[in-house]
Participant: 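Before we start, here is the structure in question, set down as structure tokens.
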There are 2 protein chains.
Amino acid sequence: MLCYSWNVNGIRSVARKDLLPWKVLPRADVICLQETKAQQHMLETSLGEPDGWHSHWHSAQKPGYSSVAIISRDAPDEVMHGIGDDTYDSEGRVIAARFGTLVVISAYFPNSRDGGARLDYKLAFCAQMESYLDHWRKRGFEVILQGDYNIAHNPIDLARPKENQKNAGYLPQERAWLTRFLALGYRDVFREKNPDLPGAYTWWTNWAGARGRNVGWRIDYSCVSPGLYDRVTEIRHCPEIMGSDHCPVAIEVR
Amino acid sequence: MLCYSWNVNGIRSVARKDLLPWKVLPRADVICLQETKAQQHMLETSLGEPDGWHSHWHSAQKPGYSSVAIISRDAPDEVMHGIGDDTYDSEGRVIAARFGTLVVISAYFPNSRDGGARLDYKLAFCAQMESYLDHWRKRGFEVILQGDYNIAHNPIDLARPKENQKNAGYLPQERAWLTRFLALGYRDVFREKNPDLPGAYTWWTNWAGARGRNVGWRIDYSCVSPGLYDRVTEIRHCPEIMGSDHCPVAIEVR
DNA sequence: CTTCTGAAG
DNA sequence: CTTCCGAAG
């Protein structure tokens, strides 16, 4: 099963550019999208229910904000919208689809914002995410938590670690949460398979040609529950796929 | 003196397209602009004070709304911002520049809006405009009232008169005001010189290729005070000039 | 720098 | 359909 995650920064934006995920992501079985920036009822059918795919959306109450989706070739056996707490669910940040014993989650973690204005909210979301994953695992399922974590974990995960110590996405508290999360047994597949690979980023600011100069951050992850790690057959970034300020991440499990 | 009037629908928009008025309007002495949609302090100097020109702006309080300007090769002898009533002046709708005994006015009349929601405001603006013009004429000056009147006067002035009887810009009350205004002696120079010319429009909606099919309205005028009419040497529309949903209007007086 | 809404035209 | 704002990233 080949499973992509992509923060599209506006599904209508990539549609305008003729770079829709289900067109440009090769051999996809499942596509996790973040920041679709649309409530499903605002989308034309061609975007909201693409032909030949099963699609499930979880949108923010606020129009044009956040919102996630899972698009799959096969119908999921179960879909869960949100994380079970309206504080987060009103912002359309999480959707999950279960295929047999495998749960694929599309998550858009909060941005902690300038001055850490939303750091507390983000850390509370992260804590809630742990119990949410427990909920699935207690039922005997393995999980892939795919999405935009809005956290660069370690210095190797961004081009300018020193300059960003006080910036949203690289604050000590968010980095510490990710460390703790992995200590629970979840596996950051990309980094484990590429422990010393620098310059492997998934997001670049739009300013000043950052992507062309590869001045970026790795903030999009495919983390898997412990029992799933040995079933991973491939993990890669797709920086060649354009259309968003993020690039897709692909994971294949057997 | 060759004097243009152009509703640019955003001065920054035409700048992006490299179609700035002082670049694309040939042999201009004076350029009246409407809907510049910027407060002067929000503009780069190259837009707000173009090199080789004298520029005067009158902006709405609300950022990005309305706003007019007069750009001229020679420095005006006098500039007047607004019409003398803050009800209208807070919306940045009128600026005047006097060159000797000739007063050139750039005016952006209110849109009467769907259902005539703002018709009363517009008619009050029109009434105020009459006294404003009197003010200049009592001082012995001739006036050119150039700009976007947001009124198509007669059936010949729009492509679909029957379909638009109840639409903003062609309501009986606004048409009646323009009739009355001309009865005061002001001269609609374009129509007087081209009394039976159909299809001479200055605005086309952006929808459905209206400009390509010339489904438009004549809502931009150069009206002159009675004593000026015999000094007019040219009047024309410039539909070849792109960059806005309006085209420029040019008048030359001797 | 870019995406979006919502007001406005 | 397009402009602009302001929020957001």
Side-chain angles (χ1 to χ4, degrees), chain A residues 7-17 34-39 42-43 59-67 91-93 108-115 117-118 121-122 148-151 167-169 203-212 215-217 219-220 242-246, chain B residues 7-17 34-39 42-43 59-67 91-93 108-115 117-118 121-122 148-151 167-169 203-212 215-217 219-220 242-246:
Chain A
N7 178 320
V8 288
N9 191 24
I11 190 72
R12 284 167 293 193
S13 169
V14 295
R16 270 196 305 277
K17 299 164 189 157
Q34 301 89 38
E35 278 204 279
T36 54
K37 294 194 177 186
Q39 290 160 344
M42 299 169 74
L43 297 177
S59 304
Q61 265 161 23
K62 181 168 157 170
Y65 183 65
S66 184
S67 306
E91 296 195 357
R93 297 189 170 279
Y108 175 50
F109 285 58
N111 183 302
S112 53
R113 294 218 185 137
D114 279 6
R118 235 175 165 218
Y121 177 84
K122 179 179 197 162
D148 176 359
Y149 288 44
N150 262 315
I151 304 172
N167 288 141
W203 174 79
W204 305 263
T205 176
N206 281 315
W207 317 320
R211 190 166 185 166
V215 177
W217 301 46
I219 59 178
D220 299 86
M242 304 302 285
S244 167
D245 50 351
H246 294 248
Chain B
N7 178 321
V8 288
N9 191 24
I11 189 74
R12 284 167 293 192
S13 169
V14 295
R16 269 196 305 279
K17 300 167 191 156
Q34 300 88 39
E35 278 204 279
T36 54
K37 294 193 176 187
Q39 290 160 343
M42 300 170 72
L43 296 177
S59 305
Q61 266 160 22
K62 180 166 156 172
Y65 182 66
S66 181
S67 307
E91 296 195 357
R93 297 189 169 279
Y108 175 50
F109 285 58
N111 184 302
S112 53
R113 294 218 187 137
D114 280 5
R118 235 175 165 218
Y121 178 84
K122 180 179 196 163
D148 177 359
Y149 288 43
N150 262 315
I151 304 170
N167 289 140
W203 174 80
W204 305 262
T205 176
N206 281 315
W207 319 320
R211 190 166 183 165
V215 177
W217 300 47
I219 59 180
D220 300 87
M242 304 302 284
S244 167
D245 51 351
H246 293 250

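Keep in mind it's a predicted model, so treat the numbers as computed, not measured. Here is the naming used below: chain letters follow the sequence lines, and residue numbers restart at 1 for every chain.
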Participant: Rounded to the Å, how far apart are B:Tyr108 OH and D:dT3 C1'?
Facilitator: 11 Å
Participant: Under 4.0 Å, counting only non-hydrogen atoms across every strand here, what does B:Arg16 touch: a base, just sugar-phosphate, or nothing?
Facilitator: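 Sugar-phosphate, no base atom in range.
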Participant: Atom NE2 of B:His246 and atom C1' of D:dT2: how far apart are they, to the nearest Å?
Facilitator: 11 Å
Participant: So B:Ile219 and B:Asp148, do their side chains get closer than 4.5 Å, heavy atoms only?
Facilitator: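 Yes - at least one pair of side-chain heavy atoms lies under 4.5 Å apart.
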Participant: Given that A:Ser13 and A:Ala208 both sit by DNA chain C, which one's nearest nucleotide is further toward the 5' end?
Facilitator: A:Ala208
Participant: Find the distance B:Trp207:CH2 to D:dT3:P and express it as a whole number of Å.
Facilitator: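 Computing the B:Trp207:CH2 to D:dT3:P distance gives 15 Å.
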Participant: Distance only, no hydrogens: is a donor on one side chain within 3.5 Å (strictly under) of an acceptor on the other, for A:Lys122 and A:Asn111?
Facilitator: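 On atom types as modelled, these side chains do not qualify, holding no pair under 3.5 Å.
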Participant: May I ask you to say what B:Lys17 touches in the nucleic acid, namely base, sugar-phosphate or nothing, with a heavy-atom cut-off under 4.0 Å?
Facilitator: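 Sugar-phosphate contact only.
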Participant: Who passes salt bridge (charged side-chain N to carboxylate O under 4.0 Å, His left out) against A:Arg16, sequence neighbours left out?
Facilitator: none
Participant: Roughly, in whole Å, what's the span from CH2 in B:Trp203 to P in D:dT3?
Facilitator: 15 Å
Participant: Could you state the interatomic distance from CG (B:Asp245) to CH2 (B:Trp207), rounded to the nearest 0.5 Å?
Facilitator: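 Going from CG on B:Asp245 over to CH2 on B:Trp207, the span is 10.5 Å.
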Participant: With sequence neighbours excluded, tell me which residues meet side chain to side chain contact (heavy atoms under 4.5 Å, CB included) with B:Ser67.
Facilitator: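 Result, side chain to side chain contact (heavy atoms under 4.5 Å, CB included) vs B:Ser67: B:Thr36, B:Ser59, B:Ala60.
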Participant: Can a side chain N or O of A:Lys37 be found less than 4.0 Å away from OP1 or OP2 on D:dA8?
Facilitator: no
Participant: Describe, in one word, how the ring planes of B:Tyr149 and B:Phe109 are oriented to each other, choosing from parallel (under 30°), tilted (30 to 60°) and perpendicular (over 60°).
Facilitator: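 If you compare the ring of B:Tyr149 with that of B:Phe109, the planes turn out parallel.
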Participant: Under the salt bridge (charged side-chain N to carboxylate O under 4.0 Å, His left out) rule, collect the residues that match up with B:Arg113, sequence neighbours excluded.
Facilitator: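 B:Arg113 satisfies salt bridge (charged side-chain N to carboxylate O under 4.0 Å, His left out) with no other residue.
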Participant: Round to the nearest Å and state the distance from B:Asn7 atom CG to D:dC4 atom P.
Facilitator: 12 Å
Participant: Can you give me the first and the last nucleotide of DNA chain C (5' to 3') that has an atom within less than 4.0 angstrom of a non-hydrogen atom in chain B?
Facilitator: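 Going 5' to 3' along DNA chain C, contacts run C:dA7 to C:dG9.
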Participant: Quick one: list whatever passes side chain to side chain contact (heavy atoms under 4.5 Å, CB included) with B:Met42, sequence neighbours left out.
Facilitator: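 B:Met42 satisfies side chain to side chain contact (heavy atoms under 4.5 Å, CB included) with B:Arg12, B:Gln39, B:Pro63 only.
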Participant: So, do A:Trp204 and A:Val215 sit near enough that their side-chain heavy atoms are less than 4.5 Å apart?
Facilitator: no
Participant: Which string of ( ) [ ] | and . matches DNA chain D, if you list each base 5' to 3' and count Watson-Crick or G-U pairs only when both distances are under 3.5 Å?
Facilitator: ||||.||||
Participant: Separation of B:Met42 atom CE from D:dG6 atom C1', in whole Å?
Facilitator: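 The answer, rounded to whole Å, is 10 Å.
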